[in-house]
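Computed from heavy atoms alone, side chains included, the values below leave out hydrogens, waters and symmetry copies.
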Amino acid sequence: MPQYEILTILRHSAPPERLAKVLGAIGKGIMRRGGIVRKVENMGVSMLPNRMRGGSQWSQVGRYMLMRVWANPEALFEAKKLLRETPEVLRVSAVKMKSDFQRPPEVQYTLVEEQKERARLRKEFGVDSPTA
C-alpha cells in the first residue's frame, strides 16, 4: 500500500470542532477501506500566497494541516473528493511518498549471504559485525 501525504489548507476562521469532525471523517474513511492514518499534524496558521476561495468566501489566511496515510488509490480519491466538497477547505494536495521499507540497492543481499558474512566475521574478529 503506498504512503501519501495529504496537505490541506483550511479557512482559519473555521471552528476547531468542525475541522476535527472533517479530518476525523477522512481518517475513518481511509481506515474503512483498509488504510492506515500514521500522522495528523496542525502546521499552523499562515498568510496564503494568493487569496483563495472556499465555499462562497475569500480567504487571505489559511490553516495548514498535514495527514500522512497509507492507503490504496481509491481510498485517497474518496478522501480528496470529500475534502473538496467541504466549504472550509481551500486547497487539497496529495503526494505519493517513497516507501520506508526499501533497503538501498547496495545493501540488499540474501539471508544466506548475511549468515556467511557473520560467520566469517565471527571467525576472523570474534564479533558479529566490524563496528561492534
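Grouping Ile, Leu, Val, Met, Phe, Trp and Tyr by side-chain contacts under 4.5 Å, direct or through others, puts I30 with Y4, I6, L10, L19, V22, L23, I26, M31, V37, V40, M65, M67, V69, L76, L82, L83, V89, V92. Applying the under-4.5 Å side-chain rule to Ile, Leu, Val, Met, Phe, Trp and Tyr, the cluster around V45 extends to M47, V61.
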Using the rule given for side-chain contact (heavy atoms from CB on, under 4.5 Å), can you reason through L90 versus R11, listing the C-alpha separation, both sets of side-chain angles and the distance that settles it, and then say yes or no? CA-CA 7 Å; L90 302 173; R11 281 196 334 237; 3.8 Å; yes

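Put simply, NZ on K81 and OG1 on T86 are 12.0 Å apart, with the number rounded to the nearest 0.5 Å. For the atom pair OG of S46 and CD of Q60, the computed distance is 12.5 Å after rounding to the nearest 0.5 Å. Residue Q57 holds its CD atom at 12.5 Å from CZ of R51, rounded to the nearest 0.5 Å. For the atom pair CG (L48) and CZ (R63), the distance works out to 12.0 Å, reported to the nearest 0.5 Å.
Residues that satisfy the salt bridge (charged side-chain N to carboxylate O under 4.0 Å, His left out) test with E41, not counting sequence neighbours, are K39. With sequence neighbours excluded, no residue forms a salt bridge (charged side-chain N to carboxylate O under 4.0 Å, His left out) with R53. Residues passing the side chain to side chain contact (heavy atoms under 4.5 Å, CB included) test with P49, sequence neighbours excluded: M52, Y64. By the salt bridge (charged side-chain N to carboxylate O under 4.0 Å, His left out) test, E74 pairs with no residue at all, sequence neighbours left out. For the salt bridge (charged side-chain N to carboxylate O under 4.0 Å, His left out) test, residues two or more places apart in sequence or in another chain that qualify with R68 are E5.
For residues 14-35, the set of pairs meeting the side chain to side chain donor-acceptor pair (under 3.5 Å) definition, not counting sequence neighbours, comprises R18-E88.
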